[in-house]
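Some notes on the structure that comes next.
Not measured: the values here are computed from a predicted model. Side-chain atoms are counted along with the backbone in the values below, which use heavy atoms only and exclude waters and symmetry mates.
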Amino acid sequence: MPAMACCVDAAAAGFSPGYAVAIPAAGNPLPAPVTLSGVPPETNNLEVSHWSPSLSAALYKIDGWGAPYFSVNASGNVSVRPFGAATLAHQEIDLLKIVRKVSDPKSSGGLGLQMPLIVRLPDVLKSRLESLQSAFDLAVQSQGYKAHYQGVYPVKCNQDRFVVEDIVRFGSAFRFGLEAGSKPELLLAMSCLCKGSPDAYLICNGFKDVEYISLALFARKLSLNTVIVLEQEEELDLVINLSKKFSVRPVIGVRAKLRTKHSGHFGSTSGEKGKFGLTTTQILRVVRKLKEVDMLDCLQLLHFHIGSQIPSTSLLTDGVSEAAQIYCELVRLGAHMQVIDIGGGLGIDYDGSKSSESDISVGYSLEDYAAAVVQAVRLVCDRRCIKHPIICSESGRAIVSHHSVLIFEAVSASAYESPSITSFGLENFVEGLPVEARADYGNLSDAAIKGEYETCLFYADQLKQRCVNQFKEGSLGMEQLAAVDGVCDVVSKALGAADPVRTYHVNLSIFTSIPDFWGIGQLFPIVPIHRLDQRPSMRGILSDLTCDSDGKIDKFIGGESSLPLHELEGDGRYYLGMFLGGAYEEAIGGLHNLFGGPSVVRVSQSDGPHSFVVTRAVPGPSCSDVLRIMQHEPELMFETLKHRAEECMDGSSIAANAALASSLDRSFHNMPYLVVGASSSCSLTAINNGGLYYCGEDEYNAPAADSAAAEDEQWSYCVA
């Protein structure tokens, strides 16, 4: 190990971690620098003589959780492969170019939207949907299964209008449907499926009242392929009575409580104690009652749900096999069964570990999942000589997670900085210490000279604590306390005991945009979207804008408590992306500190020079929007403040009053997040365009003229 030069003056000059400082004995002149050996040098597993994008991809495990949709390009930026493995090199989309296009002011050829930003990628959504369908089609064909797969998307995962409409449109060719769990979800599903396949299922889950069931029966009158799934036994009487009242023959399903239980975090809704579903005893009573009213032929679907993020195909096979037995029993009892709905549970690999022992990973592929389901149903039905049912699934997380990327800025980074201290200042500091503290300092000095490093840390800590107590008592000044901090920090750094982790302050609300991290500890991959051709020299945690100590991210995939990050560069922007967050986060997010949602853009692949087109851009909620949600009236608030300003600025010029009113107006109309960099002088251009940009699907490849941009920076996008 290298020897380490030690002198107090190094602290003032700014020494490198791993270099200790000889501490002079109290009352003695400062010694000359001495050499200490044996201090372990600071190790840095990021230290490599040269760096490359491929090393960054490995460091952040992008090829594990991101394949086949995300990679690092030769420029060191994260790129999107919109068609998965079928994406050609020229079709890849650079995320940094999207951010620049969206956030640059309109005068520079951008859209002028404020960060943070959600980038939606409908091409990825289409690829996920087609991959799921292909996996089941392959399993059906290869195993000689005598029915087909026909999935539905549970809209609770992401109810955004364009997400749901895309799924209906992309899935129309293979009869892909929707699942609703509440009355507003049912209304949007009914509306969207009017443009979908007539054979697509509309699965009605959740607790139901008269209005919910009436809506579902009305959907059947609209020729929508609606199935009312009984979550509670009491719902059956409502279905029977209302169907007779409206003269509608319903299609009924039952949700079964399986004995198979998912033991992971997401398995709380499974097993006999699960929140939803009927026991075998209750299912038998439902069969008897339907038979009594001559409606047993209406019972056609069995639904169950093992739990989200099923970790292994062995657990999946166990649950599906149990459900298939119940299905066969219902056929034996006379029900006209047609469909087995295996619910959700198809997981995704958030950390790239491909582990069946983790809540944030899965040990199987789409093909493995589909093969296990088809085989389990086929084996049970074949043994019972029962016709193979249509297989339906409600795989929301697996469909929408990849298509959405949350991008946000790190606006500053902080680390503890001890005050510098000169040799002369140190002598004065020591002479001013109380007797007990001088004794601690003397012991620290002796231990440093002898190379007793653990003893050094002990006496440094004791010195610091003693001085803190004396400061609280009023017997020690702030300057002396700061000097103690400096000395102790020098010792810690010299011995490699200092905390090297910085806090990066990000322009984001975790409670709004990543609520599952705060609520249930869900981890998502977070990666810088650029500068990946450079070695990250820091480690950091992320702290958001909210006035809440929980507003931080200090746990990351791979079991890490900090994230490799780059040094912030002056006025340069530093963008981070959270990936695989397309399910649940937007719907669950709240308004803590009145931070609303991010801006949202919809980006599709195109044949333009930058391989993408922005087809829709919507600014995030303004301060007025979030205030209005909490029952405030921004217009009245503005008038109150304007009137108060006129009173307080009596005598000011008309122009000054007008400028103040204009500034107030902008504050109400801008987003609650920080305005960083050049855009701080610009109001959101979307405000002047009715709040959004939009172009139709048929205009994807129509380039818009942009006289403000240089010829080699022309962008293919539509702004209406």
Side-chain angles (χ1 to χ4, degrees), residues 99-117 408-414 505-509 512 543-548 551 568 570-575 591-601 617-693 706-709 719-720:
V99 171
R100 286 175 173 165
K101 180 61 191 175
V102 169
S103 62
D104 282 353
K106 196 174 182 183
S107 60
S108 300
L111 298 181
L113 293 188
Q114 193 175 341
M115 304 292 282
L117 175 71
F408 51 95
E409 294 172 274
V411 295
S412 65
S414 63
H505 303 286
V506 295
N507 197 10
L508 186 75
S509 165
T512 299
S543 177
D544 75 356
L545 296 180
T546 65
C547 300
D548 196 304
L568 300 186
D571 295 332
R573 302 291 186 86
Y574 191 53
Y575 297 108
L591 286 174
H592 191 25
N593 270 167
L594 295 186
F595 285 105
S599 300
V600 180
V601 293
V618 183
S622 66
C623 291
S624 289
D625 294 331
V626 295
L627 287 166
R628 199 171 284 113
I629 290 172
M630 303 306 290
Q631 308 303 312
H632 296 280
E633 299 183 45
E635 294 78 12
L636 293 180
M637 295 167 69
F638 171 74
E639 290 300 328
T640 299
L641 293 171
K642 180 182 176 184
H643 180 69
R644 183 62 175 267
E646 290 170 350
E647 290 179 342
C648 294
M649 297 177 64
D650 187 29
S652 298
S653 67
I654 296 176
N657 287 336
L660 179 61
S662 177
S663 177
L664 270 175
D665 182 68
R666 282 196 301 273
S667 295
F668 274 103
H669 284 88
N670 283 341
M671 289 173 65
Y673 294 94
L674 302 183
V675 180
V676 183
S679 60
S680 59
S681 62
C682 309
S683 60
L684 294 178
T685 59
I687 293 172
N688 300 321
N689 289 318
L692 57 85
Y693 301 93
D706 190 350
S707 57
V719 178

- Query: Is there side-chain contact between F668 and L641, with heavy atoms separated by less than 4.5 Å?
  - Reply: yes

- Note on the structure: Across all chains, not counting sequence neighbours, the side-chain contact (heavy atoms from CB on, under 4.5 Å) partners of V600 are I118, R120

- Item | Side chains of K642 and D665 in contact at under 4.5 Å (non-hydrogen atoms) | no

- Message: Counting C-beta onward and ignoring hydrogens, is there a side-chain heavy-atom pair between M637 and L627 closer than 4.5 Å?
- Response: yes

- Message: Is there a side-chain contact between P116 and L508 in this structure, where contact means two heavy atoms from C-beta onward sitting under 4.5 Å apart?
- Response: yes

- Task: Say whether, by atom type as modelled, one donor and one acceptor occur between the side chain of N507 and the main chain of L674 under 3.5 angstrom.
- Result: yes

- Task: Evaluate the ring planes of Y673 and F595, with Trp represented by its six-membered ring, and classify them as parallel (under 30°), tilted (30 to 60°) or perpendicular (over 60°).
- Result: tilted

- Query: Looking at OG of S624 and CG of N670, how far apart are the two atoms once the value is rounded to the nearest 0.5 Å?
  - Reply: 9.5 Å

- Item | P621 to P598 - nearest heavy-atom pair and separation | CD-O, 4.4 Å

- Message: Minimum heavy-atom separation for L591 and G596, please, with both atom names.
- Response: CD2-CA, 3.7 Å

- Over 12 foreign heavy atoms within 6.0 Å of CD, E635: yes

- Query: So do the side chains of N593 and L545 get within less than 4.5 Å of each other, counting heavy atoms only?
  - Reply: no

- Task: Determine the minimum heavy-atom distance between A617 and V601, stating which atoms define it.
- Result: CB-CG1, 3.7 Å

- Message: Strictly distance-based, threshold 3.5 Å: is any side-chain N or O of R573 a donor or acceptor partner for the main-chain N or O of R100?
- Response: no

- Go through V676 and M115 one step at a time and tell me if the side-chain contact (heavy atoms from CB on, under 4.5 Å) criterion holds. CA-CA 9 Å; V676 183; M115 304 292 282; over 6 Å; no

- Judged by atom type as modelled, is there a donor-acceptor pair below 3.5 Å linking the side chain of S663 to the main-chain atoms of A659? no

- Query: Under 4.5 Å between any side-chain heavy atoms of P619 and Q114, yes or no?
  - Reply: no

- Message: For H643 and E647: C-alpha separation, side-chain torsions, deciding distance, then whether side chain to side chain donor-acceptor pair (under 3.5 Å) applies.
- Response: CA-CA 6 Å; H643 180 69; E647 290 179 342; 3.0 Å; yes

- Determine the minimum heavy-atom distance between V626 and P672, stating which atoms define it. CG2-CG, 4.3 Å

- Query: Roughly how far apart are H505 NE2 and S412 OG, rounded to 0.5 Å?
  - Reply: 4.5 Å

- Side-chain donor-acceptor pair under 3.5 Å between R644 and T640, yes or no? no

- Message: Please report the interatomic distance OG(S667) to CZ(F638), rounded to the nearest 0.5 Å.
- Response: 10.0 Å

- Sidechain-backbone polar pair: S622 side chain, M671 backbone, donor-acceptor under 3.5 Å: no

- One should read off an interatomic distance between T512 OG1 and L594 CG, to the nearest 0.5 angstrom, of 9.0 Å

- Please name all residues satisfying ring-ring contact (aromatic ring centres under 6.0 Å, His included) with H592, sequence neighbours left out, ordered by chain then number. F511

